[in-house]
Amino acid sequence: MSTQQAAPLSEAAQTRKAVSNILKGSAGNLVEWFDLYVYTVFAAYFQSHFFNSSDDLQAGLEAMAVFSTSFLMRPIGSWFFGRYADRKGRKAALTLSVTLMSAGSFAIAILPTQDVIGLWALILLVFIRVVQGFSVGGEYGTSATYMSEAATAKRRGFFSSFQYVTLIGGQMLALLVLVILQNTMSKEDLTAWGWRIPFAIGGVAALVVLWLRRSMEETLSSDQLRAAHVKVEGEAQPGTMKLLLTKHWKPLLICIGITLGGTVAFYTYTNFILKFMNDTSGIAKTDTSVINFWALFIFMLLQPVYGLISDKVGRKPLLIWFGVTGVLFTWPLLSTLSGTKDPFIAFLLMLGGLLMVGGYTSINALVKAELFPASIRALGVGLGYAIANSLFGGTVPLIGAALQKSDQVDLFFTYVTAAIFISLLVYIFALKNKKSTHLDVEQGNAFAAKAAAKGAAKGAAKDDDGTKARVDA
């Protein structure tokens, strides 16, 4: 395939363009994850309206089961949106995903409870969460792809880290809304109707992002988009499962392995830990909200720092940092946390866990994006992430709640440690540091000048396992 090349922009112009596109892309990511996390943050207040159990632990377990159900749709969402992004463009896919998330948030905000429509309340809640799981399944892979492609080569780790800045920011904003409502409303009002407020906020914010994303620049060139719809005899088309499974199955398996331990640790230290402190440690809900907010705030600010470090030393050392510290310190941190009632000690323990996880969160999206060429990147990244996330990350709250209820929380510590160890083996044996990647050799459309330059170039071939990128000469 031939492709027109454009005169390269200056480094300053590339940086300005990258900042603009990253801000627009990450704003949508922020809202998507806010809408997703609002459910778990406010579950303790609305669970009595949808679940019949009078036992708080049992009702919480049922609420987390619904949360985990939404993860079942993530692989399907990743397949749909990944294919869509590789064939129709990143911008179109990101716009569609945030539209679905907005609709889901508005729906929960006005959803009647079981006192009004009986069992239908739970059925509709599950359906809405499934739709939102489908949406966020597409958001991760497409957003990771877009932000990696939109970043400048020298600061790719720094710029792409903003995916998790906004992902964490979404959870932090959900906690901030919880803290504000806890301090401005009575517990009775918050339980009766106040829990609907954050879902309404998320819906409105998503509409604002929908408007912003209209001005995003597409990172796929017009030639790449046209090529996705041209059938060549004997060759799989871009953005298809056939191409992914025949040419890029090894990177797909590596992507799953990279994600497995990281997603378990991430959901343990950012999501389940709120319920863990309430039910196991016995710390008051108002205290755990503040603990989570400030720990996540520091964690969020550290993501670009980790990203910058990766631009200097490579991606692999940071992943190994997470793997080694996670294996060594997960059990001591969580077991100590289960026995403390001091909010400040709990804050330090949670922050310690997050400092470990930062080695994964800050760069994992970029590492996965670097494994695939543009023709299959959104599908490969999204599906690899979603498979591991659905099987392991999304089930963390459910597994943790079940082991809490059966008084076997020690087994949960073992589960998290084992998951991290498996990924550590992948980091050590399947990744190479500072190796030339697909993103290094591709001519990024995001940095092309608007005027078309003269001439064209041919692409270089890929090897069987898809580890060599297509190069525009």
Side-chain angles (χ1 to χ4, degrees), residues 22 25-26 29-30 32-34 36-37 74 136 139-141 143-145 147-148 151 156-175 255-274 292-311 313-327 329-330 333 350-371 381-382 384-386 388-389 392-394 396 416 419-420 423-424 426-427 431:
I22 293 296
S26 60
N29 203 45
L30 176 73
E32 286 251 12
W33 291 96
F34 171 84
L36 184 73
Y37 284 127
R74 288 204 184 185
V136 83
E139 175 71 21
Y140 177 90
S143 176
T145 296
M147 295 177 78
S148 298
R156 198 173 287 139
F158 171 76
F159 280 120
S160 62
S161 72
F162 281 88
Q163 183 186 28
Y164 261 77
V165 168
T166 50
L167 191 155
I168 298 161
Q171 185 172 4
M172 192 187 74
L173 285 178
L175 284 166
C255 186
I256 294 171
I258 290 170
T259 306
L260 193 157
T263 191
V264 168
F266 177 75
Y267 279 100
T268 296
Y269 286 109
T270 66
N271 190 287
F272 176 70
I273 201 166
L274 185 65
N292 274 247
F293 176 81
W294 286 112
L296 286 174
F297 180 71
I298 296 172
F299 184 48
M300 180 184 69
L301 295 181
L302 288 174
Q303 298 305 298
V305 177
Y306 282 109
L308 280 173
I309 293 172
S310 79
D311 286 328
V313 303
R315 324 296 181 207
K316 184 172 180 176
L318 267 72
L319 291 173
I320 291 178
W321 153 263
F322 156 66
V324 171
T325 56
V327 168
F329 296 110
T330 290
L333 281 174
M350 179 180 176
L351 184 60
L354 293 175
L355 290 175
M356 299 186 306
V357 180
Y360 164 81
T361 56
S362 57
I363 59 169
N364 81 94
L366 173 59
V367 172
K368 296 165 196 172
E370 290 176 333
L371 294 173
V381 173
Y385 164 81
N389 200 251
F392 302 101
V396 163
V416 177
I420 296 173
S423 284
L424 176 59
V426 176
Y427 306 151
L431 299 178

A.B. asks: Looking only at non-hydrogen atoms, find the nearest pair between Gly307 and Ser310 and report the distance.
C.D. replies: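 Smallest interatomic distance, heavy atoms only, reads O-OG, 2.7 Å.
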A.B. asks: Nearest 0.5 Å please: distance from the CG atom of Leu351 over to the CG atom of Leu333.
C.D. replies: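 It is 10.0 Å, given to the nearest 0.5 Å.
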A.B. asks: So do the side chains of Ile168 and Trp33 get within less than 4.5 Å of each other, counting heavy atoms only?
C.D. replies: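 Side chain of Ile168 against side chain of Trp33, heavy atoms only: no contact under 4.5 Å found.
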A.B. asks: For residues Met356 and Thr330, determine if any side-chain heavy atom of one lies less than 4.5 Å from a side-chain heavy atom of the other.
C.D. replies: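 Yes, at least one pair of side-chain atoms sits under 4.5 Å.
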A.B. asks: Minimum heavy-atom separation for Ala365 and Ser148, please, with both atom names.
C.D. replies: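 Scanning both residues completely, I find the closest heavy atoms to be O-OG, 4.3 Å.
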A.B. asks: Can you say whether the rings of Phe266 and Phe299 are parallel (under 30°), tilted (30 to 60°) or perpendicular (over 60°)?
C.D. replies: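 The rings of Phe266 and Phe299 sit tilted, inter-plane angle from 30° to 60°.
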A.B. asks: Check the side chains of Thr361 and Gln303 for a donor-acceptor pair under 3.5 angstrom, ignoring hydrogens and angles.
C.D. replies: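 Yes, a side-chain donor-acceptor pair sits under 3.5 Å.
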A.B. asks: Looking at every heavy atom in both Leu30 and Gly170, which two are closest together, and how far apart are they?
C.D. replies: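 For Leu30 versus Gly170, the nearest heavy atoms are CD1-N, 3.3 Å.
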A.B. asks: Mind checking whether Phe162 and Phe158 have parallel, tilted or perpendicular rings, split at 30° and 60°?
C.D. replies: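 If you compare the ring of Phe162 with that of Phe158, the planes turn out perpendicular.
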A.B. asks: Evaluate the ring planes of Tyr37 and Tyr267, with Trp represented by its six-membered ring, and classify them as parallel (under 30°), tilted (30 to 60°) or perpendicular (over 60°).
C.D. replies: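 Ring orientation of Tyr37 relative to Tyr267: tilted.
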A.B. asks: For Asn389 and Tyr140: C-alpha separation, side-chain torsions, deciding distance, then whether side chain to side chain contact (heavy atoms under 4.5 Å, CB included) applies.
C.D. replies: CA-CA 11 Å; Asn389 200 251; Tyr140 177 90; over 6 Å; no
A.B. asks: Any heavy-atom pair between the side chains of Met350 and Leu354 that's under 4.5 Å?
C.D. replies: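 Side-chain contact under 4.5 Å: yes.
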A.B. asks: Test side chain to side chain contact (heavy atoms under 4.5 Å, CB included) on Tyr164 and Tyr306; report intermediate values, then the result.
C.D. replies: CA-CA 11 Å; Tyr164 261 77; Tyr306 282 109; over 6 Å; no
A.B. asks: Does any N or O in the side chain of Ser423 come within less than 3.5 Å of the main-chain N or O of Gly261, such that one atom is a donor and the other an acceptor?
C.D. replies: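 Such a contact is found between Ser423 side chain and Gly261 backbone.
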A.B. asks: Looking at OG of Ser160 and CG of Asp311, how far apart are the two atoms once the value is rounded to the nearest 0.5 Å?
C.D. replies: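 Going from OG on Ser160 over to CG on Asp311, the span is 7.5 Å.
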A.B. asks: Could you tell me if the side chain of Met147 sits less than 4.5 Å from the side chain of Ser26, heavy atoms only?
C.D. replies: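 Answer yes - side chains close enough.
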A.B. asks: Looking only at heavy atoms, which two atoms of Gly358 and Ser362 are closest? And how far apart?
C.D. replies: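 Closest heavy-atom pair between Gly358 and Ser362: O-OG, 2.8 Å.
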A.B. asks: Quick check for you: to the nearest 0.5 Å, what is the distance between Met300 atom CE and Thr270 atom OG1?
C.D. replies: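 One gets 13.5 Å once the value is rounded to the nearest 0.5 Å.
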A.B. asks: Under the side chain to side chain contact (heavy atoms under 4.5 Å, CB included) criterion, do Tyr360 and Ile258 qualify, and how do the steps go?
C.D. replies: CA-CA 9 Å; Tyr360 164 81; Ile258 290 170; 4.2 Å; yes
A.B. asks: Is a donor on one side and an acceptor on the other found under 3.5 Å between the side chain of Thr166 and the backbone of Gln163?
C.D. replies: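 Confirmed, Thr166 side chain pairs with Gln163 backbone.
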A.B. asks: Kindly compute the distance separating OG (Ser161) from CG (Leu366), expressed to the nearest 0.5 Å.
C.D. replies: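 Separation between the atoms: 9.5 Å.
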A.B. asks: Taking the side chain as everything from C-beta on, heavy atoms only, tell me whether Ile420 gets closer than 4.5 Å to Val264.
C.D. replies: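 No. Closest side-chain heavy atoms not under 4.5 Å.
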A.B. asks: Check whether any side-chain heavy atom of Leu318 lies under 4.5 Å from a side-chain heavy atom of Val313, and answer yes or no.
C.D. replies: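 SC-SC contact between Leu318 and Val313 confirmed.
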A.B. asks: To the closest 0.5 Å, what do you measure between CZ (Arg156) and CD (Glu370)?
C.D. replies: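 Answer for the CZ-CD pair, Arg156 versus Glu370, is 6.0 Å.
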A.B. asks: What are the two closest non-hydrogen atoms of Leu260 and Ala388, and how far apart are they?
C.D. replies: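 Taking Leu260 first and Ala388 second, the nearest heavy atoms are N-CB, 4.0 Å.
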A.B. asks: Counting only N and O atoms by type, is there a donor-acceptor contact under 3.5 Å from the side chain of Lys368 to the main-chain atoms of Val381?
C.D. replies: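 Checked: no pair found.
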A.B. asks: For Leu296 and Gln171, what are the C-alpha separation, side-chain angles and deciding distance, and is it a side chain to side chain contact (heavy atoms under 4.5 Å, CB included)?
C.D. replies: CA-CA 8 Å; Leu296 286 174; Gln171 185 172 4; 3.8 Å; yes
A.B. asks: When the ring planes of Phe322 and Tyr427 are compared, do they come out parallel, tilted or perpendicular, using 30° and 60° as the limits?
C.D. replies: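 Correct class here is tilted.
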A.B. asks: Nearest 0.5 Å please: distance from the CZ atom of Phe34 over to the CG atom of Asn29.
C.D. replies: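 Phe34 CZ to Asn29 CG: 14.0 Å, rounded to 0.5 Å.
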